[in-house]
Trainee: 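Here's a structure for you.
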Number of protein chains: 2
Amino acid sequence: MEQEQILKTYNLTDDEHRLSEMMKALGHPARMQIIRYLTDHPQCITGDIVDVLPLAQATVSQHLKVLRDAGLICGTIEGTATCYCLCSESVDWFKAQIGDLF
Amino acid sequence: MEQEQILKTYNLTDDEHRLSEMMKALGHPARMQIIRYLTDHPQCITGDIVDVLPLAQATVSQHLKVLRDAGLICGTIEGTATCYCLCSESVDWFKAQIGDLF
DNA sequence: TCCTTTTATCGTAAAATTACGATTATGGAA
DNA sequence: TTCCATAATCGTAATTTTACGATAAAAGGA
């Protein structure tokens, strides 16, 4: 479903929709584990995360994409590897929105 | 997938799993709208929520169940209606966990 | 009792997500 | 250049979620 369609159908603000997308991204155990790993290991490459998760490389890559699309993490290409870290700006925004919501 | 299996497979703590379940519940625009409505209207019945959402009664009831199962809301039967409200205890726990996670 | 109101649940079709192997693309080393 | 390492993407099967109409259940009024 298109974002514009969701906003119209469900009568959400842009912020509420973005927040919901972040929640959805965090609402899977594998992605929760990735986030926890990144908080514990501020700089790491895809391979490190693949080693920790009980999933195939392709699946982990797919989960990383979901987290990237939600804006929660960002990956910078370093040679042949990709270095991932939490996007602190988004995390701060997320926390602020939670405070507003409830 | 069973909860026990998820904990084992993904190597999450009970708290992390519960948090992930709450995130998942909030990760749908309809349920986000329900939560927002409940914060704006602390006491209301199912029918009020059905009137606000662009979804069939059965679908709304299903979404309410997801939020109930996640512990985010609770419904008390009042005669022939059900009165819903946010579970402030769970909301507080949720906010605290977010603070811990990041 | 019988009807109405209210809401949950059932059954099910359609859509989305998840997981994996295979493939592709890119950068660096030999 | 050729090979290897790293990681993203493709194609696809299996599972889960979402949405709805129909049905059930329970309380209250006529």
Side-chain angles (χ1 to χ4, degrees), chain A residues 1-3 5-6 8-12 17 20-35 37-38 43-70 73-85, chain B residues 1-3 5-6 8-12 17 20-35 37-38 43-70 73-85:
Chain A
M1 203 175 182
E2 294 286 329
Q3 167 170 352
Q5 182 60 26
I6 292 176
K8 193 178 167 189
T9 301
Y10 292 102
N11 192 32
L12 292 178
H17 178 254
S20 192
E21 285 293 301
M22 285 188 176
M23 296 282 199
K24 189 172 168 184
L26 291 165
H28 188 284
R31 294 193 289 263
M32 179 64 78
Q33 205 185 346
I34 292 173
I35 293 295
Y37 187 79
L38 283 176
Q43 297 284 337
C44 64
I45 64 172
T46 305
D48 297 335
I49 300 170
V50 172
D51 289 344
V52 166
L53 295 202
L55 298 169
Q57 180 266 321
T59 307
V60 173
S61 202
Q62 195 171 250
H63 282 304
L64 287 170
K65 179 169 165 52
V66 173
L67 290 169
R68 259 188 285 125
D69 289 348
I73 66 175
C74 57
T76 53
I77 297 172
E78 298 201 353
T80 171
T82 304
C83 182
Y84 277 101
C85 59
Chain B
M1 205 177 182
E2 294 285 329
Q3 168 171 350
Q5 183 59 26
I6 291 176
K8 194 179 168 190
T9 302
Y10 292 102
N11 193 32
L12 293 178
H17 179 255
S20 192
E21 285 292 302
M22 284 187 177
M23 296 281 199
K24 189 172 169 184
L26 292 166
H28 187 283
R31 295 193 289 264
M32 178 64 78
Q33 204 185 346
I34 291 173
I35 292 295
Y37 187 80
L38 282 176
Q43 296 284 337
C44 64
I45 64 173
T46 305
D48 298 334
I49 300 169
V50 171
D51 289 343
V52 167
L53 296 200
L55 298 169
Q57 181 266 322
T59 308
V60 173
S61 201
Q62 195 171 252
H63 282 304
L64 286 170
K65 178 170 166 49
V66 174
L67 290 169
R68 258 188 285 127
D69 290 348
I73 66 175
C74 57
T76 53
I77 297 172
E78 298 201 353
T80 171
T82 305
C83 182
Y84 277 102
C85 59

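Because only heavy atoms are used, hydrogens play no part in the values below, and waters and symmetry mates are left out as well, while side chains stay in. Naming convention: chains lettered A, B, ... in sequence-line order (proteins, then strands); numbering from 1 in each chain.
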Trainee: So, does B:T82 get its side chain near the phosphate of C:dA8, meaning an N or O under 4.0 Å from OP1 or OP2?
Mentor: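 For C:dA8, OP1 or OP2 has a side-chain N or O of B:T82 closer than 4.0 Å.
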
Trainee: Mind calculating the distance between CG (A:D48) and C1' (D:dT6) to the nearest angstrom?
Mentor: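 Nearest whole value for this atom pair: 12 Å.
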
Trainee: What pairs meet the salt bridge (Lys or Arg N to Asp or Glu O under 4.0 Å) rule with one or both residues in residues 48-62 of chain B, with sequence neighbours excluded?
Mentor: none

Trainee: Can you name the side chain to side chain donor-acceptor pair (under 3.5 Å) partners of B:T9, sequence neighbours left out?
Mentor: B:Q5

Trainee: Excluding sequence neighbours, so at least two apart, what forms side-chain contact (heavy atoms from CB on, under 4.5 Å) with B:I6?
Mentor: A:P29, B:M1, B:Y10, B:H17

Trainee: Please state how far atom CD1 in B:I6 lies from atom C1' in C:dA19, giving the value in whole angstrom units.
Mentor: 14 Å

Trainee: To the nearest 0.5 angstrom, please state how far the CG atom of B:L55 sits from the CD1 atom of B:I49.
Mentor: 12.0 Å

Trainee: Just to be sure I understand the rule, does A:S61 reach a base, reach only the sugar-phosphate, or reach nothing, if contact means heavy atoms closer than 4.0 Å?
Mentor: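 Base, at least one base heavy atom under 4.0 Å.
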
Trainee: Between atom CG in B:D51 and atom C1' in C:dT5, what is the gap in whole Å?
Mentor: 13 Å

Trainee: Round to a whole Å and report the spacing from CD1 of B:I73 to C1' of C:dT7.
Mentor: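 Between C1' of C:dT7 and CD1 of B:I73: 13 Å.
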
Trainee: Please report, rounded to the nearest Å, how far the C1' atom of C:dA16 is from the CG atom of A:D69.
Mentor: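 Atom CG in A:D69 sits about 15 Å away from atom C1' in C:dA16.
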
Trainee: Distance-only check: which donor-acceptor pairs under 3.5 Å involve side-chain atoms of residues 60-69 of chain A, not counting sequence neighbours?
Mentor:
{"unit_1": "A:H63", "atom_1": "ND1", "unit_2": "A:R31", "atom_2": "NH1", "d": "3.0"}
{"unit_1": "A:K65", "atom_1": "NZ", "unit_2": "A:D69", "atom_2": "OD2", "d": "3.3"}
{"unit_1": "A:R68", "atom_1": "NE", "unit_2": "A:Y84", "atom_2": "OH", "d": "3.1"}

Trainee: What is the distance, rounded to the nearest whole Å, between atom CD of A:Q33 and atom P of C:dA19?
Mentor: 11 Å

Trainee: Mind calculating the distance between CZ (A:R68) and C1' (D:dA8) to the nearest angstrom?
Mentor: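 Distance, rounded to whole Å: 8 Å.
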
Trainee: Do any side-chain nitrogens or oxygens of A:Y84 fall under 4.0 Å of OP1 or OP2 in D:dT6?
Mentor: no

Trainee: Taking side-chain contact (heavy atoms from CB on, under 4.5 Å) as the definition, give me every residue that meets it alongside A:C74, ordered by chain and number, with sequence neighbours left out.
Mentor: A:C85

Trainee: Let me have a per-nucleotide readout for nucleotides 17-30 of chain D, 5' to 3', with B, S or -, counting only protein heavy atoms under 4.0 Å.
Mentor: SSBBBB----S---

